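Here's the structure we're looking at; comments come further down.
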Amino acid sequence: MIKTKFALAALMAALAAAPAGATTHHHKKSSAKASTTSSKSKSTKSGKSATKASKGKATAKTSGKTKVVAAAAAVPALKVASERWQDRQFDNLSNQFLNALWRIDSESAIYAGKYDTAATLTVFDKAEQEKELAFIGEWKGKFTAVNASKLSSKQRTDLGLLINKLDSDRFRLTTLREWEWNPASYNVAGPLDLILNTEYAAQPQRLRTLLKRIASIPAYYDAARANIVNPTREHTRLAIKQAPGVQTLLTEVDKAAQASILTPLEKQQFTQRVNAALNAVDGYVAFLTEMDKQMDTKGRRSFRLGKELYEQKFAYDIQSASTAEQTYQKALATREELLANMDKLSDELWDKTMGSTAKPTDRFAKIGMVIDKLSARHVAREDFVNEIKRQIPTLQDWVISHNLLTLDPKKPLEVRATPAYAAGVAGASIDAPGPYRPQDRTFYNVTPLDGATAEAAESSLREYNYWILQILNIHEAIPGHYAQLVYANRSPSIVKSIFGNGAMVEGWAVYGERMMLESGYGDNAPEMWLMYSKWNLRSVTNTILDYSVHVLGMTEEQAIDLLTRQAFQTRSEAVEKWHRVQVSSVQLTSYFSGYSEIMELREQRKQQLGAKFNLKEFHEQFLSYGSAPVRVIKGLMTQ
């Protein structure tokens with residue numbers, strides 16, 4: 001797979017360097033071939049006409065038809081050649097854009113697995129803001145000048161993704177302006193961690209890159225302080241909470257440098273620059289702490305986006321065929337379907353789980369009682385992470401043996417504790433390598449229960465009980481995020497791999513849960529289906545919660561009731577989700593939005609193909625387009 005990506009990069013570079021005559025010559029060659037064929041047909045028909053004059057009229061007519069057929073045959077050949085030339089020109093332009101983007105945005109380059117500019121830390125001051133806006137304007141002009149009708153469907157969809165990326169960036173810079181009110185958006189740790197721990201080069205070279213990058217950290221936090229205006233309390237406190245994790249990582253970088261083969265002078269510079277960076281983080285925390293205190297008297301910005309901003313962000317981030325409000329309404333309808341099914345399953349399980357206990361008439365109470373009883377079956381606290389590790393090979397074997405998807409056993413997946421600098425947003429997540437370095441490790445981040453109280457740990461374990469822990473691993477690992485992102489890095493479209501769509505990524509993970517149970521995973525036990533339905537209800541409820549909070553003004557009390565009583569989540573899970581919806585927006589809708597569109601596409605393909613429909617082929621074709629929006633993949637699959 002690494003070779004595939006590097007070969008693609010080399011091809012795009014070659015196209016950029018190829019003389020114009022190369023593609024022009026190919027185009028002329030196709031024209032000449034069509035012309036020669038037409039001449040041969042004409043000459044043959046003329047000979048027949050001379051031999052059989054009595055059939056001259058018919059021969060002339062036939063000759064005329066042959067010319068028309070030959071000309072018609074030439075048109076598709078010319079069209080294909082023209083499309084290929086236009087596609088190459090566009091690929092050349094896309095390659096130029098990516099090279100320019102990595103120069104201006106080293107952080108995105110690092111996350112994509114490109115380390116050429118890793119020594120440069122982007123300091124988001126006023127000059128940088130102006131530079132980025134100019135960059136957006138320049139490349140938006142270049143891409144809108146492309147005649148999309150002349151491109152093949154794959155390149156045309158790449159063009160749409162690139163334009164959406166630029167429009168989205170402009171929206172974030174000029175309209176959303178999160179850089180003014182979200183202090184947690186200033187965090188240097190992620191790229192530092194990748195440079196330190198990704199073996200893209202020898203350690204001394206990586207450390208020297210870090211030495212240069214760390215030198216700019218004080219300026220980075222100076223710019224952050226200058227930019228922050230009327231922040232939200234929630235994002236302010238999140239930034240304060242994550243700061244110790246940033247400092248821990250900086251200390252680890254210095255330790256690695258001191259234990260390395262760097263020169264004494266370089267080691268001295270490392271200590272000096274790391275200390276300056278640590279002081280900069282301290283200064284930022286002090287600044288935010290003071291702002292947090294002032295919010296009690298001066299007021300503060302609400303974390304809620306409001307309908308107008310929410311709809312705009314939803315359109316850029318989710319790229320769905322539906323609006324945010326339409327997706328919300330669809331989620332409400334799906335919620336009712338799920339609850340009706342859970343009601344039936346609870347009736348089926350009542351005697352087995354509840355014995356002679358009187359069955360309540362309220363469906364929420366009845367479903368909740370059965371789920372609560374089943375949730376007592378869970379792994380021991382000290383075995384939580386090890387059980388996750390144990391399940392991964394089992395899931396992989398199931399997917400392969402049931403012919404659901406081809407998996408690459410050589411791709412490493414490492415379960416680890418969520419890094420401290422990234423804590424406070426989600427309990428479990430995947431950190432996957434970028435498309436430029438698909439051979440690197442994928443990390444399955446799990447928040448351990450070591451520091452939790454006995455009550456909080458038990459609440460989490462009941463949430464991730466015997467059945468749901470399996471579904472979580474299906475979602476995060478196999479055949480969910482881990483498998484999908486491996487496929488994405490193999491996509492022939494570098495654009496679709498890099499500018500991944502969150503709704504497709506999360507939607508596939510949710511779809512993977514359904515796929516596994518439909519294949520018989522869990523023995524079709526009603527307990528597994530009930531817990532799956534609870535988990536699926538969680539994805540649906542995410543959409544309802546996010547829209548209700550940011551657009552409709554849902555209160556904390558209403559949110560906790562929605563999550564606990566109506567969606568059967570534990571108190572600790574509900575509290576964590578309430579925190580998450582305050583420090584993020586739109587992302588929570590990606591699960592249901594993507595999943596529902598994938599399910600609709602699958603049913604459409606079943607109807608179109610009939611007996612020829614093959615589930616594994618559907619999965620692999622769907623994943624072959626990278627992390628493109630589902631509506632884009634639908635267009636490519638059904639064209």
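Given the structure is predicted, the values throughout are model-derived calculations rather than measurements. These numbers come from the heavy atoms of this one structure, side chains and all, not from hydrogens, waters or symmetry mates.
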Item checked: CA sep, side-chain torsions, deciding dist, call: L562, M554, side chain to side chain contact (heavy atoms under 4.5 Å, CB included) -> CA-CA 10 Å; L562 172 68; M554 176 178 274; 4.0 Å; yes

Note to self: Please evaluate residues R580 and E576 with respect to the criterion salt bridge (Lys or Arg N to Asp or Glu O under 4.0 Å), reporting the C-alpha separation (whole Å), side-chain torsions for both, the decisive distance (0.1 Å), and the verdict.
What the structure shows: CA-CA 6 Å; R580 183 173 172 182; E576 180 184 315; 5.8 Å; no

Item checked: Stepwise salt bridge (Lys or Arg N to Asp or Glu O under 4.0 Å) check, E600 with R605 -> CA-CA 9 Å; E600 290 166 6; R605 294 300 286 161; over 6 Å; no

Note to self: With a 3.5 Å distance limit and no angle check, can you tell me whether N187 reaches the backbone of Q242 through a side-chain donor-acceptor pair?
What the structure shows: no

Notebook entry, point to check: Using a distance-only test with no angle check, is there a side-chain donor-acceptor pair under 3.5 angstrom linking N227 and Y186?
Noted result: yes

Notebook entry, point to check: Going through the distances and angles, do D87 and R84 end up as a salt bridge (Lys or Arg N to Asp or Glu O under 4.0 Å)?
Noted result: CA-CA 5 Å; D87 286 349; R84 288 175 180 169; over 6 Å; no

Check: Is the NZ atom of K307 crowded by more than 12 outside heavy atoms at less than 6.0 Å?
Finding: yes

Margin query: With side chain to side chain contact (heavy atoms under 4.5 Å, CB included) as the criterion, how do R233 and Q582 come out once you've worked through the C-alpha distance, each side chain's angles and the decisive distance to 0.1 Å?
Written below: CA-CA 10 Å; R233 166 161 276 169; Q582 293 175 93; over 6 Å; no

Notebook entry, point to check: Rounded to the nearest 0.5 Å, what separation is found between the CD atom of Q329 and the OG1 atom of T323?
Noted result: 9.0 Å

Item checked: For F97, the option from W139, W102, F90 that meets ring pair (Phe, Tyr, Trp, His ring centres under 6.0 Å) -> W139

Check: When you check the side-chain N and O atoms of N92 and Q96, is any donor under 3.5 Å from an acceptor?
Finding: yes

Checklist line | Over 12 non-hydrogen atoms of neighbours within 6.0 angstrom of CD in E308 | finding: no

Next item on the list: Go through Y310 and T589 one step at a time and tell me if the side chain to side chain contact (heavy atoms under 4.5 Å, CB included) criterion holds.
Entry: CA-CA 11 Å; Y310 192 91; T589 69; 3.0 Å; yes

Next item on the list: Tell me whether the centres of the aromatic rings in Y511 and H619 are closer together than 6.0 Å.
Entry: yes

Next item on the list: Calculate, to the nearest 0.5 Å, the distance between atoms OG and CG belonging to S216 and D222 respectively.
Entry: 11.0 Å

Next item on the list: Count the heavy atoms of every other residue, nucleotide or ligand shown that sit under 6.0 Å from NZ of K634, and state whether that count exceeds 12.
Entry: no

Notebook entry, point to check: For Y221 and V188, what are the C-alpha separation, side-chain angles and deciding distance, and is it a side chain to side chain contact (heavy atoms under 4.5 Å, CB included)?
Noted result: CA-CA 9 Å; Y221 283 110; V188 298; 3.8 Å; yes

Note to self: Do the side chains of E130 and K126 get close enough for a salt bridge, i.e. N-O under 4.0 angstrom?
What the structure shows: no

Notebook entry, point to check: Just checking, any donor-acceptor pair under 3.5 angstrom between side chains of S152 and Q155?
Noted result: yes

Note to self: Check E107 with R213, please: is the shortest side-chain N to carboxylate O separation under 4.0 Å?
What the structure shows: yes

Next item on the list: Apply side-chain hydrogen bond (donor to acceptor under 3.5 Å, both in side chains) to the pair E234 and H579, showing each step before the final yes or no.
Entry: CA-CA 8 Å; E234 294 76 14; H579 169 69; over 6 Å; no

Notebook entry, point to check: Cation-pi between K114 and Y436: NZ/CZ under 6.0 Å from ring centre and within 45° of the ring axis?
Noted result: yes

Check: With distance as the sole criterion, is a donor-acceptor pair present between the side chains of S168 and R172 under 3.5 Å?
Finding: yes

Item checked: Ionic contact status for D158 with K154, cut-off 4.0 Å -> no

Margin query: Quick check with a 6.0 Å cut-off and a 45 degree axis cone: is R88 positioned over the face of W85's six-membered ring?
Written below: no

